Amino acid sequence: MTLSRREFLDFLKATCAVAALPNAFTASASAQHAPLAAVPRTSGSSEPVVNDIHSQLNATRVNRIIKPLSSNDMRSTILTAKSEGKAISITGGRHAMGAQQFGTGTVLVDMTGMNRILNLDGERGILEVEAGIEWPQLLDYLIKAQSGREKQWGIIQKQTGADRLSIGGALASNVHGRGLKLKPIIDQVDSFTLMDHTGAILRCSRDENSELFRLVIGGYGLFGIVTSVRLRLWERKKVQRIVEIRDSKDLMASFEQRIAEGYLYGDFQFATDSNHESFLRRGIFSCYRQVDPATPLTVNPTRFNPKDWARLTYYSHKYKRRVFSAYTKRYLSTSAQIYWADSQLSGAYVDNYHEELDRKLGAKVKATEMITEIYVPRSALFNFLEDARVELRKLDANVIYGTIRLIEKDDESFLRWARESFACVIFNLHVTHDTPGLENAARAFRRLIDLGIRYSGSYYLTYHRFATKEQVETCYPHFEEFLRLKLKHDPGEVFQSDWYRHYKKMFGLERV
């Protein structure tokens, strides 16, 4: 299947050179009432161009970028944009790839200036933070603020592929990590505050503004701006990592065994060399079991630092067989190490790593990786992988990285992706930034979605907009109702993105 003309034009702009936006503003605990800060525009252009960090396929020209440092700043931004007849889009860590954080011509609200810790309830284990805070700052605060306390609290889960992602963004896409018995992050959200299209602040919880609570978490920033979040914690735990090499045909039995033994986290990173028999069939099975709090932490544990990560990423492009061997050897050497459970959720990631890769590989066309995440019933996992193995080889798709995790059924969010207790299969594909590369990516991702649907599965909306209307309706049967509820809560469509505009057109609601 080829890209439509509209899809091609949408992605063509991604090939333009995008100047780096200067990070000229910082926020401090005393900045609650600081004046509104406008981020400088890119040189040589009347309007700034922004892009996502990972795929870099969403170059978007916005009207201007505003970095509020307080709720007053944010309210002023909303009211000013409305008076100018301009829509607002909302961004945080800029890792999402589906264009839900950017809108052509919008006033882009950069939330990273609102990054304060507001309160830690040491009795109930609830941490309240501003929505622009990123995970490293949150984790660092918890460690320092609780130093020396007998009872300490820690986070339950976060995205594990990168760290510099905002809490507001985690709610927007209802994220998950590698928990073996965890629902998406909505399960850990006690409540949040939302600034709506009028500038009013609403508290949203399961008891107060409950419809908005269900819509905003997993609602991709379309119902207002989340200003603060109350996140449920659990008592801080220590875990031991156990690493083995396993086959995908036995994977679900292996997961079930680990769950029965009380393990908290785990995943399976599969071999990506499509020319080898091990492709999607063999992998590194890493799980984390809770240990007695008195167990000493491993001194100087073996970890992947950014240099290791960059080297293995290069191998994954150049020497696929070698990377699995190197990765396996390194991971096996970490088996039996003891960590704090929250610290093992962090991972190395190097921004713009593909620039150096392209240089080393002598690439004639700029390239990056792009992700899709497919969900299938756990009983169908092996059959799905076997089908994917065949189809990815037929399509000559270049799988750079892949992992399998578990998710428990989400029965709270409106646009829920975890409709059942699924196995989550993540594919990271190499994509060149030209017409053939984008067409190949669209073809591969649509085919993977079809395979998931064959087994009554689904896919994650966060990473791309390649799905057909039929695929969207099958996997998200309430999608059109979701779009209509957006208009109910934001009748003037103050909050928009290119993601929203894409689906509004797909469902024929452009004139509604």
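It should be emphasised that the depicted structure is a prediction, and the values quoted were computed from it without experimental measurement.
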When you compare the side chains of [X] and [Y], does any donor N or O come within less than 3.5 Å of an acceptor on the partner?
{"X": "W499", "Y": "Q101", "result": "no"}
{"X": "T198", "Y": "D196", "result": "yes"}
{"X": "H433", "Y": "T368", "result": "yes"}
{"X": "Y476", "Y": "E481", "result": "no"}
{"X": "Q56", "Y": "K366", "result": "yes"}
{"X": "S70", "Y": "N72", "result": "no"}

Using modelled atom types and a 3.5 Å cut-off, is there a donor and acceptor pairing between side-chain atoms of [X] and backbone atoms of [Y]?
{"X": "T372", "Y": "F445", "answer": "no"}
{"X": "D490", "Y": "G224", "answer": "no"}
{"X": "D52", "Y": "L57", "answer": "yes"}
{"X": "S421", "Y": "K409", "answer": "yes"}

- Query: Is it the case that R236 places NZ or CZ above or below the six-membered ring of W340, under 6.0 angstrom from the centre and within 45 degrees of the axis?
  - Reply: yes
Under 30°, 30 to 60°, or over 60°: which ring-plane class applies to [X] and [Y], parallel, tilted or perpendicular?
{"X": "H489", "Y": "F223", "answer": "perpendicular"}
{"X": "Y265", "Y": "W234", "answer": "perpendicular"}
{"X": "F507", "Y": "F479", "answer": "parallel"}

- Is the H354 to H317 ring centre distance short of 6.0 Å? yes
- Kindly state each residue pair satisfying salt bridge (Lys or Arg N to Asp or Glu O under 4.0 Å) with at least one member in residues 163-176, sequence neighbours excluded. K158-D163, R164-D351
With a 3.5 Å cut-off and sequence neighbours excluded, list the donor-acceptor pairs that the side chains of residues 179-192 form with protein atoms.
{"unit_1": "Q188", "atom_1": "OE1", "unit_2": "Q157", "atom_2": "NE2", "d": "2.8"}
{"unit_1": "D190", "atom_1": "OD2", "unit_2": "R230", "atom_2": "NE", "d": "3.1"}
{"unit_1": "S191", "atom_1": "OG", "unit_2": "R203", "atom_2": "NH1", "d": "3.1"}

